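Here the structure is a predicted model, which means the values were calculated and not measured.
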Amino acid sequence: MTELESRAWLSLVWTADLLPAALDAQLQAESDMTHFEFVVLSTLQQAPGASLRTKDLAAAVNATMPRLSRVVGKLAERGLVERTQGRTDARVVDVHLTSAGRRALVHAVPSHIALIKRLVVDRLDEAQLGALVDILEPLVARLDPQQRVGFTTARRPRAEG
């Protein structure tokens, strides 16, 4: 690697390591949830009917089924989500955002967005933000060609089951 390639790569790696830790610390301190729990709740909020099949939710948040199952279990214990059997297939488990889960998100979002702005958005001018999008969107597309992760997945029409 050239020096520039190495600097670019290491900057990306360190950002990928440090940013989630900072987001996690803020959310735990102010909203009593992890960043991953926040992503799960946010993804459910974006889904039609605030509900997704577990396998679709796992794909949308880029999680293994065991990890998602543990987190959904903890969220259910706190009343933030409900698990129900699929309407037409008892083997399917749906995860639904509850009113308490929606309230928890409403509480968490303002300070979370303020931190995102303070750590990233406010550090970049308009051209740099555009360049960041131009740089990262193709990387995400390359890493996730089936578009499994993110709100796009959450907003897809539900398969019956």
Could you check if a side-chain atom of Val72 sits within less than 4.5 angstrom of a side-chain atom of Thr54, using non-hydrogen atoms only?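 A side-chain contact is absent here, since even the closest heavy-atom pair is not under 4.5 Å.
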
Notebook entry, point to check: Can you tell if the side chain of Phe38 reaches within under 4.5 Å of the side chain of Val109, non-hydrogen atoms only?
Noted result: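 Yes, their side chains come closer than 4.5 Å.
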
For [X] against [Y], the heavy-atom pair lying closest together:
X: Pro145; Y: Arg142; result: CD-O, 3.6 Å
X: Ser31; Y: His107; result: OG-CD2, 3.6 Å
X: Leu19; Y: Leu119; result: CD1-CD1, 4.0 Å
X: Val106; Y: Pro110; result: O-CD, 3.2 Å
X: Gln26; Y: Ser111; result: NE2-OG, 3.0 Å
X: Leu68; Y: Ala58; result: CD2-N, 3.5 Å

Group every Ile, Leu, Val, Met, Phe, Trp and Tyr by side-chain heavy-atom contacts under 4.5 Å, then state whether [X] and [Y] land in the same group.
X: Met65; Y: Val95; result: no
X: Val39; Y: Val120; result: no
X: Met33; Y: Leu23; result: no
X: Leu18; Y: Leu12; result: yes
X: Leu143; Y: Val133; result: no

Any sub-3.5 Å donor-acceptor pair from [X]'s side-chain atoms to [Y]'s backbone N or O?
X: Asp94; Y: Thr84; value: no
X: Gln128; Y: Asp125; value: yes
X: His112; Y: His35; value: no
X: Thr98; Y: Leu80; value: yes

Crowding at CD, Glu3 (>12 non-hydrogen neighbours, <6.0 Å) =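 For Glu3, atom CD is not crowded (no more than 12 foreign heavy atoms under 6.0 Å).
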
Euclidean distance, [Y] [atom2] relative to [X] [atom1], rounded to 0.5 Å:
X: Leu75; Y: Thr34; atom1: CG; atom2: OG1; answer: 7.5 Å
X: Leu44; Y: Leu57; atom1: CG; atom2: CG; answer: 5.0 Å
X: Leu139; Y: Asp144; atom1: CG; atom2: CG; answer: 12.5 Å
X: Leu105; Y: Glu37; atom1: CG; atom2: CD; answer: 11.0 Å
X: Asp122; Y: Ile116; atom1: CG; atom2: CD1; answer: 11.5 Å
X: Arg118; Y: Arg123; atom1: CZ; atom2: CZ; answer: 9.0 Å

